[in-house]
Protein chains: 2
Amino acid sequence: MEPKAAIGAFAALAQETRLGVFRLLVQAGPDGLNAGDIAARVGVPASTLSHHLGILERAGLLRAWRVQRQIYYATDYDGTRRLLDFLMQDCCGGVPELCRTDIAKTIDCCPKPAIIQGAS
Amino acid sequence: MEPKAAIGAFAALAQETRLGVFRLLVQAGPDGLNAGDIAARVGVPASTLSHHLGILERAGLLRAWRVQRQIYYATDYDGTRRLLDFLMQDCCGGVPELCRTDIAKTIDCCPKPAIIQGAS
DNA sequence: ACGATAATTCGATATCTCTCGAAATGTCAA
DNA sequence: TTGACATTTCGAGAGATATCGAATTATCGT
């Protein structure tokens, strides 16, 4: 990932409405929500929301597709993963003993079922 | 974590110099680097860097301490974890089957030793 | 206390972005 | 093809932030 792309993605998240939209869609899951529903949920005019959705999409944080007259948006999990990967790349210069901070555990998207989780 | 705090943290990362500094310190590990060394590495004047370090520190992404005449900076792993946790909170509404994207694995700070890793 | 070093604060300019209504685009049903 | 709906694009004013040199503060060795 290029630094420019990462900067665009972090800038996209550094704004109240957009952060709210992104988190809403993270919680909504892969099926996403359409633009109108999102606008109603976050309480901004359609034109303003459209601007923000475009920024999030161009940043690689959301994906969009049309269903009839509506446009649906959902988290781009791959893009999000790439961003966080870039941020923490080569953490501690690759010496595991130095920084066992278990960042991974705490951001585990959709935790694994209890049995599998216990076996890890 | 408050949305305002998260916005501040993402804004802190949404800038070329600061993102470079943060990643440099992620790779440097818990011992960190002093301000002078960081300035030399990223190639900006001391005053400019100081401004950026302050923003990263106030955002909870770095911690700082004095050693004689120098001030050292290192990643605040706890603050970073809280930020990423906030971002991905309640992913997919808590239904694991929907989004097994393994974001966690790819940002695993300092990967576990091979034997333990293989056993998971 | 003094000079040297390390880092921060100050001040001013330039650049970027948020915001919304109005208008335009694209899609659908009849 | 006509009208209605969903979303995006346009345009302009208000607010926020990056940048650097100069000045200031803090710490150390002698």
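Reckoned from all heavy atoms, side chains included, excluding hydrogens, waters and symmetry mates. Numbered from 1 within each chain, the chains take letters A, B, ... in sequence-line order. Note that the coordinates shown come from a computational prediction; the quantities given were computed from them, not determined experimentally.
For A/N34, a side-chain nitrogen or oxygen approaches OP1 or OP2 of D/dT7 to under 4.0 Å. Contact annotation: A/R18 side-chain N/O to C/dC18 OP1/OP2 distance is under 4.0 Å. For C/dC20, the OP1/OP2 oxygens have no side-chain nitrogen or oxygen of A/S47 closer than 4.0 Å. Of the side-chain N and O atoms in A/R69, none sit less than 4.0 angstrom from OP1 or OP2 of C/dA29. A/H52 has a side-chain polar atom (N or O) that falls below the 4.0 Å cut-off from OP1 or OP2 of C/dT19.
The separation between A/E16 atom CD and C/dT19 atom C1' is 13 Å, rounded to whole Å. One can place CH2 of B/W65 at 13 Å from P of C/dT8, the figure rounded to the nearest angstrom. Between A/I55 atom CD1 and D/dT8 atom P the separation is 12 Å, expressed in whole Å. A straight line from CD1 of A/I71 to P of C/dT25 spans 16 Å, rounded to a whole angstrom. Atom-to-atom, CD of B/Q70 to C1' of C/dT5 comes out at 9 Å; the value is rounded to the nearest Å. The distance between atom CG of B/L53 and atom C1' of D/dA18, rounded to the nearest whole Å, is 15 Å. The interatomic distance linking A/Q68 (CD) with D/dA6 (C1') rounds to 12 Å, in whole Å. Between B/L62 atom CG and C/dT8 atom P there is a gap of 11 Å when expressed in whole angstrom units.
Formation of a donor-acceptor pair under 3.5 Å by the A/R82 side chain with backbone atoms of A/G60 is not found in this model. A donor-acceptor contact shorter than 3.5 Å links the side chain of B/T75 to the backbone of B/L25.
Checking C/dC20, C/dG26, D/dA18 against the side-chain heavy atoms of A/R66 singles out C/dG26 as nearest. In the set C/dT19, C/dT8, D/dC20, D/dC20 carries the atom at the smallest distance from any side-chain atom of B/P45.
As judged by a 4.0 angstrom heavy-atom cut-off over every strand, B/A35 is placed among residues touching the sugar-phosphate backbone only. Residue A/H51 is in base contact, counting any heavy-atom pair closer than 4.0 Å across all strands shown. Nucleic acid contact class of B/Y73 (heavy atoms, under 4.0 Å, all strands): sugar-phosphate only.
A salt bridge does not link A/D37 to A/R41: none of the charged nitrogens lies less than 4.0 Å from a carboxylate oxygen. Note on A/D78 versus A/R81: salt bridge recorded, some NZ/NE/NH1/NH2 to OD/OE distance being below 4.0 Å.
Closest of all the heavy-atom pairs between B/H52 and B/R18 is ND1-NH1, 3.1 Å.
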